[in-house]
Amino acid sequence: SGGTGASGVVSATMIDDVAAALGMPAGLVKYLFALLSILPLSLGQRLLFGADPVVRQVYSIVAGLTLCFYAYGASGLKYLMVTPLMGYVCLIVVPRDAAHGVVALLGFLFLIACHVANASGSAWSEGNIDFTGSQMVITLKVVAIAFNYKDGDVDEAKLSKPQKERRLAELPSVLMFLAYVLDPVTVLIGPFIEVVEFSAYMLRQGVWEKDVKQPSFVGTALASLVYAIVFAGVHVVLSGYFPISVLGSEEFWSFTVPYKLFVCYMVALSARLKYYFCWTLAHTGLKCGGLAFTGTDKPVGQQWERGLNMRPLRVEFATSSVEYPLHWNICTGNWLRHYVYDRVTPEGKKPGLRSLVVTQTVSGVWHGLYAGYWLFFVSTALMLHGSRYFYKMIGAAPKSVRPALTVFHGLLSALQLNYLAPSFMVLNFKETVDIWRSVGFIGHVTMAALLIMSVLVKPPEGENNENILVPVLGSSTETWMLNYNSRTIHHARFARITPLCHRNRDWTAVRKSIHIFE
């Protein structure tokens with residue numbers, strides 16, 4: 001995706017020198033410099049916080065264009081602008097009730113074409129970065145605007161609470177649209193932020209109103225920066241011992257099955273640490289610019305969690321597979337839930353395996369047409385389905401054995417996830433299947449066993465089976481444990497029981513107000 005436009009920011013010689021010293025591809029080092037540029041650019045947003053909204057939007061556009069030009073060159077920037085320009089034109093000329101479908105179809109087709117033309121999956125696995133990562137983020141943003149604009153023309157009584165909160169009565173101005181799409185903090189690696197949130201931030205509305213005093217961002221931003229540095233350091237160390245190239249190597253085939261599974265885990269952990277670093281750095285930028293602020297009415301630890309894209313400890317020590325979507329790539333998971341999962345579930349029906357498979361398939365297409373992605377996301381649909389069943393069975397088991405079953409469920413979930421991980425990294429169908437075959441397809445065997453059990457053995461009805469994990473509607477940062485019979489909720493982060501009547505005295509309204517991800 002070429003272009004050299006880096007000379008004005010970081011010289012090519014400096015990039016080559018750093019790449020040689022770190023033993024990394026020059027393209028990856030250049031992208032790293034681009035990621036680090038998020039911090040000063042976000043501080044620019046902070047300095048302009050009190051400026052006229054038009055000035056702030058122009059800054060977002062110019063900073064985003066400059067950053068993308070530096071990271072991807074003129075050629076990459078040219079392709080990045082296709083989806084937003086095409087999407088905005090469609091929203092103007094196509095009938096409002098059909099525009100969302102046209103935008104989604106054209107946006108994903110163009111994204112697929114870019115993935116194929118640039119062989120993005122292979123390039124990423126080799127450490128070379130191209131514009132398709134940013135194209136993925138931009139596609140989510142443009143498609144979200146299209147669906148929210150369509151919802152703005154629908155009777156509110158027919159919309160769910162998330163749709164009501166995100167609906168757009170009018171199409172955003174060209175300036176606001178481009179400022180949102182090209183926001184320099186999120187355009188490289190995400191996270192996905194809703195346009196209604198970004199617009200409120202730009203116009204100083206809601207928690208960003210002029211009379212709302214924000215607490216200092218310095219401490220929380222520095223803490224995030226330290227975490228990012230730690231994640232990067234551990235990734236560099238682990239990847240030296242467990243590089244992706246070890247998967248399927250001659251040495252790998254000589255390992256015992258337990259050690260092969262251990263290697264899969266370590267390689268996957270190293271890969272996850274890379275994402276932890278990137279997303280934490282982006283969230284640091286959101287804190288510096290102020291967009292991460294969620295309001296002074298939240299507990300101190302939650303006042304800067306907008307755009308939080310992962311909770312590493314909750315991922316690495318999850319007690320079930322169902323927790324992975326709640327704590328990994330959270331913002332993209334929210335997009336998939338609100339714009340795919342909810343909308344493919346027939347009205348009045350509970351979402352099931354079909355909704356999961358469709359959602360995971362869309363996620364696979366979004367990442368690219370490599371067989372490894374499809375194998376991973378379709379398999380994770382089975383993994384999540386089996387985990388939900390196992391979770392319900394634990395709730396129906398005697399209390400004395402629940403702790404042991406919960407530990408076993410967590411270990412099984414970790415086994416399945418890290419068993420599947422090579423497909424996401426090696427991408428090749430034959431290599432992936434060969435790796436799985438070498439460990440006896442243990443992950444798929446356990447998934448199939450749970451799937452068969454879910455058909456043959458239904459969880460007993462009763463209070464013990466009424467506890468389920470759910471994310472609170474409209475919040476990407478809170479997860480609760482609900483018990484429908486005792487009418488209590490358990491906050492998964494702070495481990496406390498709260499009567500539901502404290503939030504809403506009408507239990508029926510409470511049940512309707514909470515989006516159950518099941």
Side-chain angles (χ1 to χ4, degrees), residues 1-3 5 34 41 53-118 120 129-153 166 168-199 201-202 332 335 339 362 365-366 368:
S1 59
L41 291 175
V54 172
V55 174
R56 300 182 67 206
Q57 292 168 59
V58 170
Y59 174 81
S60 180
I61 295 170
V62 173
L65 288 172
T66 303
L67 185 61
C68 290
F69 178 75
Y70 166 63
Y72 310 121
S75 176
L77 180 59
K78 175 181 66 177
Y79 287 112
L80 284 180
M81 294 307 297
V82 170
T83 297
L85 295 179
M86 174 179 62
Y88 201 83
V89 170
C90 287
L91 292 174
I92 294 174
V93 302
V94 178
R96 189 165 178 175
D97 61 348
H100 64 293
V102 175
V103 171
L105 177 62
L106 294 180
F108 271 86
L109 285 176
F110 184 72
L111 176 61
I112 291 170
C114 290
H115 277 311
V116 172
N118 289 273
S120 57
I129 306 297
D130 60 31
F131 70 90
T132 50
S134 290
Q135 186 71 46
M136 292 166 69
V137 177
I138 289 174
T139 300
L140 296 187
K141 291 182 177 183
V142 174
V143 171
I145 288 178
F147 274 90
N148 294 330
Y149 183 55
K150 174 255 184 186
D151 290 340
D153 197 38
R166 294 163 173 79
L168 297 172
E170 298 178 351
L171 187 63
S173 67
V174 174
L175 207 59
M176 183 66 78
F177 180 86
L178 291 176
Y180 167 64
V181 170
L182 295 170
D183 171 44
V185 180
T186 60
V187 73
L188 289 185
I189 194 70
F192 167 76
I193 300 289
E194 293 287 354
V195 66
V196 292
E197 297 175 319
F198 184 83
S199 297
Y201 166 70
M202 280 286 157
T332 300
W335 188 95
Y339 300 106
V362 171
V365 171
W366 181 63

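Position 1 is the first residue of the sequence; numbering continues from there.
The shortest non-hydrogen separation linking Met202 to Pro53 is O-CB, 3.7 Å. Nearest heavy-atom pair across Gly152 and Arg96 is C-NH2, 3.5 Å. Across all their heavy atoms, Asp130 and Tyr72 have their closest contact at O-CE2, 3.3 Å. Taking every heavy atom of both residues into account, Leu67 and Ala34 meet most closely at CD1-O, 3.5 Å. Heavy atoms only, all atoms of each residue included: Gly190 and Val137 are closest at N-CG2, 3.6 Å. For Ala71 against Leu188, the heavy-atom pair with the smallest separation is CB-CD2, 4.2 Å.
Under the 4.5 Å side-chain criterion, counting only non-hydrogen atoms from C-beta, Leu41 is not in contact with Val185. Between Tyr339 and Val143 there is no side-chain heavy-atom pair separated by less than 4.5 Å. Proximity of Arg166 to Asp151: side-chain heavy atoms (C-beta onward) are nowhere separated by under 4.5 Å. In this structure, the side chains of Tyr149 and His100 stay at 4.5 Å or more apart for every pair of heavy atoms. For the pair Ile138/Met81, no side-chain contact is recorded, criterion being any heavy-atom separation below 4.5 Å from C-beta on. A heavy-atom distance below 4.5 Å is found between the side chains of Pro191 and Thr186. Looking at Leu111 and His115, their side chains come closer than 4.5 Å, going by heavy atoms from C-beta outward. Looking only at side-chain heavy atoms (C-beta outward), Pro84 and Phe177 come within less than 4.5 Å of each other.
Between the side chain of Gln135 and the main chain of Phe131, no donor-acceptor pair closer than 3.5 Å is present. Panel note: side chain Ser134, backbone Val187; a donor-acceptor pair is recorded below 3.5 Å.
Note that OG1 of Thr139 and NZ of Lys141 are 11.0 Å apart. Values are rounded to the nearest 0.5 Å. Here the CG-SG distance, from Leu109 to Cys114, works out to 11.0 Å after rounding to the nearest 0.5 Å. Note: Leu65 CG to Leu77 CG = 5.5 Å, rounded to the nearest 0.5 Å. The CD1 atom of Ile61 lies 7.0 Å from the CG atom of Leu182; values are rounded to the nearest 0.5 Å. Atoms CD1 and CG, from Ile193 and Leu140 in turn, are 11.5 Å apart once rounded to the nearest 0.5 Å. Note that CE of Met136 and OG1 of Thr83 are 12.5 Å apart. Values are rounded to the nearest 0.5 Å.
Shown are Ile145, Val181, Val142; of these, the side chain to side chain contact (heavy atoms under 4.5 Å, CB included) with Val195 is made only by Ile145.
Using a 30° and 60° split on the angle between ring planes, Tyr180 and Phe198 fall in the tilted class, from 30° to 60°. The aromatic rings of Trp335 and Phe192 sit perpendicular, their planes meeting at an angle over 60°, well past the 30° parallel limit.
For the pair Arg56 and Tyr201, the cation sits on the ring face: its NZ or CZ lies under 6.0 Å from the ring centre, inside 45° of the axis.
Within a 6.0 Å sphere centred on OH of Tyr79, heavy atoms belonging to other residues, nucleotides or ligands number 12 at most.
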